[in-house]
Amino acid sequence: MSNLPSEPEFEQALNELSESLKPFLSEHPEYAKAFEIVQIPERIVQFRVVWEDDSGKAQVNRGFRVQYNSALGPYKGGLRLHPSVNLSILKFLGFEQTFKNALTGLSMGGGKGGSDFNPKGKSDNEIRRFCNSFMAELSRHIGKDTDVPAGDIGTGGREVGFLFGAYRRARNEFAGILTGKGASWGGSHIRPEATGYGVIYYVEHMIKNSCPEFSLDKPSTRVAISGAGNVAQFTALKVIELGATVVSLSDSKGALISKSEKGFSKEVVEAIGELKLKGGYLESYQSFAPGGEYEYHADKRPWTLVENVQIALPSATQNEVSKEEAEALVKAGVRIVAEGSNMGCTAEAIDVFEATRKQGKGGVWYAPGKAANCGGVAVSGLEMSQNSQRLTWTPQEVDSKLKGIMTDCFNICLDAGKKFSGEDLSGDVLPSLLSGANVAGFIKVADAMKAQGEWW
Ligand code: NDP
Ligand code: 8G0
């Protein structure tokens with residue numbers, strides 16, 4: 001029995017990596033030491049955040065920054081503001097971030113932070129005062145060459161603005177200490193779109209390599225998406241732009257399903273974007289999507305509600321696809337699952353998908369978040385480069401670099417999946433992108449740590 005506190009989400013991420021590494025470690029046992037060492041964050045900062053609510057009362061929350069690994073560059077990863085935030089969740093996110101960032105090929109280490117502060121129902125002034133207090137402490141631990149946070153769940157453009165301003169005023173320094181900034185004050189074009197667009201660029205490679213009969217420019221290719229935030233919105237908009245059909249979105253209160261052949265329109269997705277900025281929920285869908293084309297299901301996720309879908313893209317939060325929901329997706333015809341969210345699938349759901357893949361033709365091909373959603377942090381890396389040079393690339397330049405990074409990431413995962421999964425890939429069995437992403441990301445980090453004297 002370990003004497004460590006139980007950390008279910010972190011243990012899930014660690015077990016997944018450990019399983020993926022087995023065939024590689026049996027061939028290269030010297031890397032077992034690196035695996036032991038890389039599990040422990042370089043540093044965790046925990047602090048209290050006292051902020052003033054609108055009635056003048058003092059409120060207090062917990063603040064965190066997990067600085068996981070800096071072998072490949074400054075710690076990089078978002079800040080989550082959600083009442084569920086705890087060390088287990090931030091450790092799993094920081095751990096996965098480390099390997100994801102390695103897969104982008106850019107110079108970034110891994111980190112994650114946030115607070116159990118709930119931004120829901122707070123006024124703009126309360127959010128601003130919270131951000132000022134949070135940054136008062138966080139500013140001691142970050143820096144453009146040390147640790148560069150960004151947004152995540154509950155932390156959007158407004159919060160990044162307040163946090164950046166708090167740092168700039170405190171330090172009298174305009175520096176690239178956060179990414180996801182506004183385009184007119186140091187942000188990169190395409191950063192808001194990057195995660196969702198990147199998921200679709202990755203999925204295009206999955207389609208070409210497994211189901212060329214599908215195509216994102218055909219309305220007959222139907223895509224189920226969960227979430228209604230940054231990642232889900234831009235994933236949906238890219239699918240619609242290309243010509244395929246989006247059949248679902250969801251939020252923390254329920255799922256919205258399109259009943260028409262056409263699926264979600266660009267206008268409805270944009271209206272959802274506006275609604276979310278105002279703190280609204282999909283349950284009020286009749287205000288922006290009248291006419292009976294949509295059906296709302298309270299307290300449900302989309303997975304058991306959709307039929308005849310080829311692609312599923314979980315894009316809300318961790319563990320949002322259960323074993324039963326994975327089985328329902330297989331029944332609905334899904335052949336490709338790619339995570340926009342981090343650890344979107346439970347371990348049991350992944351087992352369902354991977355078991356079908358191992359049966360050969362007709363199975364589900366699953367891509368983990370650390371591969372499929374790395375476009376977000378990749379464009380954050382590009383924002384850091386632009387900030388260092390004090391210049392701005394055009395949207396076209398950034399989008400084309402993003403495409404290149406997603407292509408390279410896919411090829412790295414595919415090659416490592418072929419080489420290191422320990423599976424017999426004769427016949428029609430596709431390589432595991434799960435093993436591929438995990439092993440390839442690990443080797444990059446472990447090799448840099450070894451060169452820098454962190455294991456031997
Ligand atoms: P947002 O806060 O913009 O949106 C999150 C969405 O998920 C909202 O619709 C929210 O519902 C829903 N949601 C959040 N928590 C829960 C929950 N516990 N149960 C059900 N629904 C929930 O966040 P993002 O879109 O930025 O992030 C979504 C996922 O993608 C996260 O896993 C994040 O870590 C990951 N990710 C984000 C990247 C980025 O660039 N933003 C990059 C890579 C990964 P409601 O609207 O009701 O609040
Ligand atoms: O830009 C970032 O550093 C960032 C923000 C939110 C999420 C992620 C992620 O990769 O999970 C990265």
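We use all heavy atoms of the structure for the numbers below, so side chains are in, but hydrogens, waters and symmetry mates are not. Counting convention: from 1, in listed order, for ligands and their atoms alike. Predicted model, so just to flag it, every value in this text is computed and none were measured.
- Listed by atom number, the atoms of ligand 1 under 4.0 Å from R191 heavy atoms are 39 (C), 40 (O).
- Sorted by first then second residue, the side-chain hydrogen bond (donor to acceptor under 3.5 Å, both in side chains) pairs that include residues 145-156, not counting sequence neighbours, are R65-D147, Q67-D147, R80-D152, K112-D152.
- For M343, the closest heavy-atom approach to ligand 1 does not fall below 4.0 Å.
- K91 pairs with exactly one of E96, E11, E7, E9 by the side-chain hydrogen bond (donor to acceptor under 3.5 Å, both in side chains) rule, that one being E7.
- Checking T317, V231, V379, L282 against atom 24 (P) of ligand 1, the nearest heavy atom belongs to V231.
- Ring orientation note: the planes of F130 and W51 are nearly perpendicular, at an angle over 60° on the 30°/60° scale.
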Identify each donor-acceptor pair in which a side-chain atom of residues 193-201 lies under 3.5 Å from a protein atom, sequence neighbours left out, and give them as a table.
from : atom 1 : to   : atom 2 : distance (Å)
Y201 : OH     : K238 : NZ     : 3.4
Y201 : OH     : D399 : OD1    : 2.8
Y201 : OH     : D399 : OD2    : 3.2

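- In this structure, R301 falls outside the shell of residues with a heavy atom less than 4.0 angstrom from ligand 1.
- For Y75 and Y68, the ring centers are positioned 6.0 Å apart or more.
- Compare L93, T195, T179 by their heavy atoms: the one nearest to atom 42 (C) of ligand 1 is in T195.
- Protein residues lining ligand 2, listed by chain and number: K76, G77, G78, Q97, K100, K112, A150, G151, D152, T179, R191, N342, V377, S380 [non-hydrogen atoms, distance under 4.0 Å].
- The proximity of S84 to ligand 1, defined as any non-hydrogen pair under 4.0 Å, does not occur for either the backbone or the side chain.
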Donor-acceptor pairs are to be reported for all side-chain atoms of residues 263-272 against protein atoms at under 3.5 Å, with residues two or more places apart or in another chain.
from : atom 1 : to   : atom 2 : distance (Å)
S265 : OG     : V268 : N      : 3.1

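- Using the six-membered ring where Trp is involved, F442 and F35 have ring planes that are perpendicular, over 60° apart on the 30 and 60° scheme.
- Note: no N/O pair closer than 3.5 Å links A232 and ligand 1 by distance alone.
- Ligand 1 has a nitrogen or oxygen under 3.5 angstrom from a nitrogen or oxygen of A228.
- The option from G227, A316, G229, S341 that lies nearest to atom 28 (C) of ligand 1, judged by heavy atoms, is A316.
- Taking the six-membered ring for Trp and thresholds of 30 and 60 degrees, F164 and W185 have ring planes inclined between 30 and 60 degrees apart.
- Atom numbering of ligand 1 starts at 1 in the shown order; those under 4.0 Å from a heavy atom of S315 are 28 (C).
- The closest non-hydrogen atom to atom 32 (O) of ligand 1, taken over N230, V199, N342, comes from N342.
- For atom 36 (N) of ligand 1, the nearest non-hydrogen atom from the set G340, G376, G78 belongs to G340.
- Between S252 and ligand 1, at least one N/O pair is under 3.5 Å apart.
- Contact annotation: Q233 has no heavy atom less than 4.0 Å from any atom of ligand 1.
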